[in-house]
Amino acid sequence: MKKLQNVLLSVIPKVSAVPLILAFSFNMAVYGGARMIAGDWHHYNIESFLDRMIPFVPMSAVIYLGCYLFWIVNYILIARQEKREVCQFFAADFLSRAVCFVIYLLFPTTNTRPVVEPDGFWNQVMLLIYEVDAADNLFPSIHCLVSWFCYIGVRGNAKIPAWYQNVSCLLALLVCVSTVTTKQHVLVDVFGGVLLAQICLWIGKKPLVWGFYEKVLDKINGRIFRKEA
């Protein structure tokens, strides 16, 4: 057990665990909470003619689902950065979900999903996705938001190889594409998610914003480590 703990601490430093836990918890609360509150409200369909021209590609579900591994790896990499960068990023991450929650309540959206025949493996996968994930909480796309965060969170970091930064950019773009080829989102959702990530990270780098997050983080970590001591 001690060896496992040491391995985990070598991957995720103690001070970085709280930002990761808070980010995951708040994301789930926003997504699930908005659905619970606004699930039965009128939802607006903001599909465009361009969206109707995009083909439905069931196999792209492998990217749509596989991105969770991409998120885990990059969020851990980001959490291992210097404290200032960690606070800036996770302050931006928190702010982005707060904005998403407000939008999901004020302007709930939906889209038109294709009729999928239960033939073939990937069609079955898409049917399962449609079953467990209702067509709501679409604008902005959290899939695109988080994926773009995964890229801009490592972009320009001298400690992360340039090749991996480029791979992160490619993966983020592929996830954005997969959201529309699986018909889980429309183009406006994609651009909304990417733009929101950029704006929130810009705001998160403001000293007043990341400084406040740092104070909250220090208080939480202080209580946790005091108890451990």
> Can you tell which of Thr179, Asp133, Asp189 makes a side-chain hydrogen bond (donor to acceptor under 3.5 Å, both in side chains) with Gln184?
Replying inline: Asp133

>> Can you confirm whether more than 12 heavy atoms, excluding those of Phe107, are under 6.0 Å from its CZ atom?
In response: yes

>> Using 30° and 60° as the class boundaries, would you call the ring planes of Tyr31 and Tyr104 parallel, tilted or perpendicular?
In response: perpendicular

> Side chains of Thr112 and Asn45: do they bring a donor and an acceptor to under 3.5 Å?
Replying inline: yes

>> Using a 3.5 Å distance criterion without hydrogens, assess whether the side chain of Ser60 forms a donor-acceptor pair with backbone atoms of Val57.
In response: yes

> Should we count CZ of Phe24 as having more than 12 external heavy atoms under 6.0 Å?
Replying inline: no

> Between Asn111 and Lys183, is there a donor-acceptor pair closer than 3.5 Å when you use the side chain of the first and the backbone of the second?
Replying inline: yes

> Is the shortest side-chain N to carboxylate O distance from Lys83 to Asp218 below 4.0 Å?
Replying inline: yes

>> Could you report the tightest heavy-atom contact between Ser147 and Phe70, atom names first, then the distance?
In response: O-CE2, 3.9 Å

>> Does this structure show an ion pair linking Lys159 with Glu82, if we count only N-O contacts that are shorter than 4.0 Å?
In response: yes

> What is the minimum heavy-atom distance between Leu201 and Gln88, and which atoms define it?
Replying inline: CD1-O, 4.3 Å

> Taking Gln81 for the side chain and Gly153 for the main chain, is one N or O donor matched with an acceptor at less than 3.5 Å?
Replying inline: yes

> Can Asp93 and Tyr213 be said to form a side chain to side chain contact (heavy atoms under 4.5 Å, CB included), step by step?
Replying inline: CA-CA 11 Å; Asp93 188 78; Tyr213 185 92; over 6 Å; no

>> Classify the ring geometry of Tyr75 against Phe90: parallel below 30°, tilted from 30° to 60°, perpendicular beyond 60°.
In response: perpendicular

